[in-house]
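Single-structure report; data block below.
Positions are given from 1, in the same order as the sequence printed here. What you see below is based on every heavy atom in this structure, not just the backbone, and it leaves out hydrogens, waters and symmetry mates.
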Amino acid sequence: MTDAVVVGAGVIGLTTAVCLAEAGLDVAIWAERGPLQSTSAAASGLWVPGYTSDRELRWSLVGLTEFTALLDDDHTGVRLGRGLGVTDLFDSPQEFHEHLPELELVDQAELGDRFPLGWWSTVPLIDMPRYLAYLSRRFHEAGGTLVQRHVDDLSTCLETAPVVVNCTGVGAKHLADDDEVFPVRGQHVVVRNPGIDHWYMEGVESPFWTGFFPHGNKVLLAGVSQHHNWNLLPDPADSESILERCAAAEPRLRDAEVLGHRVGLRAARNKARLDVEHRPGGRIVHCYGHSGFGVSQSWGSAREIESLCTGVEEAPREAVSP
């Protein structure tokens, strides 16, 4: 009998499966879509520290350690990138700024009137398709198996394994009957890199924000954060807006060759969920709702699940289901 079934093959599910398999468990991933078809494959791949709770910040810092350890392996798609973050959400450094490597605050006079706070930092920048392929190889080398299948009831997974880890992202809205989950649609335009070597990201209240993230010979241009939008098709109007805003921020991007488009649905929630639900036949560990911090927090939440499943640590519990 399999020790654990992980449902979902995005960065949260795949990282969790790697941790469990490398801890010696017999692990299977069940997913309707593979890692390269997941929302994670469309992500910018910038490590940023989550700041919505102490727990999520801790997960992010575990991620910083794990990603830093992967820098020497060219096959991981992980490198250090220096870049500029700006925001209109607050006008002074916050607690999470203390954890940004090589932090350098920008003088207000250089920012203009739009942004009250800006900073340069050097953080992990992850080429997500390459990284997901690396994690997939690592999972298989640890003895794990990935099965393409649709799951419409988590209880059926307990017929195969006593532990089921629900990493279905926005799909948990229906699969876990969680009304707190909602999609935040993101879209990137992928262009040929005209020589950009730094990243740029805005943190704003608006659903339209500007960012660019270089990954070798391509740059991901952003972006949108559209709440409750389930559309997985590229929107030409969004693409045009993204191209214009990024060109205004970095003129070298104005005539960059468009290589493609990426769309994904981030799983948003008032806070990420990681807890245990006991059902007849075993237990379900729910892990989803990381919103825009999924890549950053993936290792931290996965290590917490590893500790839970190997008997080192207890996670919060849900009521026993009938």
Side-chain angles (χ1 to χ4, degrees), residues 8 10-15 38-64 67 81 83-90 94-97 99-100 117 119 121 123-128 131-132 167-173 180-189 199-213 215 220-232 238 242 245-246 262-274 287-302:
V11 71
I12 300 295
L14 193 51
T15 307
S38 69
T39 286
S40 301
S44 66
L46 183 72
W47 177 87
V48 288
Y51 53 84
T52 54
S53 71
D54 290 342
R55 188 189 198 190
E56 293 182 37
L57 177 58
R58 184 172 69 251
W59 289 345
S60 298
L61 296 179
V62 171
L64 178 60
F67 286 125
L84 174 64
V86 294
T87 187
D88 63 6
L89 301 178
F90 24 75
Q94 305 295 296
E95 179 185 355
F96 75 86
H97 284 96
H99 304 285
L100 288 171
L117 185 66
W119 63 90
S121 61
V123 298
L125 187 59
I126 301 105
D127 185 340
M128 290 306 296
Y131 178 64
L132 292 170
C167 300
T168 55
V170 73
K173 180 175 183 65
E180 292 188 30
V181 178
F182 62 91
V184 177
R185 180 181 179 274
Q187 180 168 322
H188 286 143
V189 180
W199 55 266
Y200 171 79
M201 185 175 71
E202 296 176 355
V204 295
E205 289 283 2
S206 169
F208 302 98
W209 58 282
T210 303
F212 52 83
F213 310 92
H215 296 286
L220 271 62
L221 309 185
V224 295
S225 295
Q226 299 166 339
H227 290 201
H228 305 285
N229 186 336
W230 291 88
N231 180 25
L232 279 168
D238 285 341
I242 289 168
R245 284 183 275 116
C246 286
R262 297 181 185 175
V263 178
L265 303 180
R266 308 179 190 97
R269 203 171 181 270
N270 63 338
K271 62 178 179 179
R273 182 182 184 186
L274 200 171
C287 183
Y288 57 81
H290 299 72
S291 193
F293 299 112
V295 175
S296 302
Q297 298 175 358
S298 56
W299 280 105
S301 57

Within-4.5 Å side-chain heavy-atom neighbours: [X] and [Y]:
{"X": "V48", "Y": "V123", "answer": "no"}
{"X": "V11", "Y": "S38", "answer": "no"}
{"X": "S298", "Y": "F67", "answer": "yes"}

Short side-chain to backbone donor-acceptor contact, [X] and [Y], under 3.5 Å:
{"X": "W199", "Y": "L46", "answer": "no"}
{"X": "K173", "Y": "F182", "answer": "no"}
{"X": "H97", "Y": "Q94", "answer": "yes"}
{"X": "T87", "Y": "G203", "answer": "yes"}
{"X": "R185", "Y": "N231", "answer": "yes"}
{"X": "R55", "Y": "L274", "answer": "yes"}
{"X": "T39", "Y": "L265", "answer": "yes"}
{"X": "H290", "Y": "V295", "answer": "no"}
{"X": "H215", "Y": "L125", "answer": "no"}
{"X": "Q187", "Y": "D238", "answer": "no"}

Going from [atom1] on [X] to [atom2] on [Y], what distance comes out if it is rounded to the nearest 0.5 angstrom?
{"X": "C287", "Y": "W59", "atom1": "SG", "atom2": "CH2", "value": "5.5 Å"}
{"X": "S296", "Y": "I126", "atom1": "OG", "atom2": "CD1", "value": "6.5 Å"}
{"X": "M128", "Y": "R262", "atom1": "CE", "atom2": "CZ", "value": "9.5 Å"}
{"X": "S301", "Y": "I12", "atom1": "OG", "atom2": "CD1", "value": "4.0 Å"}
{"X": "H188", "Y": "L220", "atom1": "NE2", "atom2": "CG", "value": "5.5 Å"}
{"X": "S60", "Y": "H99", "atom1": "OG", "atom2": "NE2", "value": "9.5 Å"}

All side-chain contact (heavy atoms from CB on, under 4.5 Å) counterparts of A172, not counting sequence neighbours: N166, T168, A176, Y288
D54 atom CG, neighbour heavy-atom count above 12 within 6.0 Å: no
Closest contact, heavy atoms only, [X] versus [Y]:
{"X": "V184", "Y": "A268", "result": "CG2-CB, 3.6 Å"}
{"X": "L232", "Y": "V263", "result": "O-CB, 3.5 Å"}
{"X": "L100", "Y": "P49", "result": "CD2-CD, 3.7 Å"}
{"X": "W47", "Y": "G63", "result": "NE1-C, 4.1 Å"}

Residues 205-212 side chain polar contacts: donor-acceptor under 3.5 Å, at least two apart:
{"unit_1": "S206", "atom_1": "OG", "unit_2": "F208", "atom_2": "N", "d": "3.0"}
{"unit_1": "S206", "atom_1": "OG", "unit_2": "F208", "atom_2": "O", "d": "3.2"}
{"unit_1": "W209", "atom_1": "NE1", "unit_2": "S225", "atom_2": "OG", "d": "3.2"}

Working for side-chain contact (heavy atoms from CB on, under 4.5 Å), residues L57 and E95: CA-CA 10 Å; L57 177 58; E95 179 185 355; 3.8 Å; yes
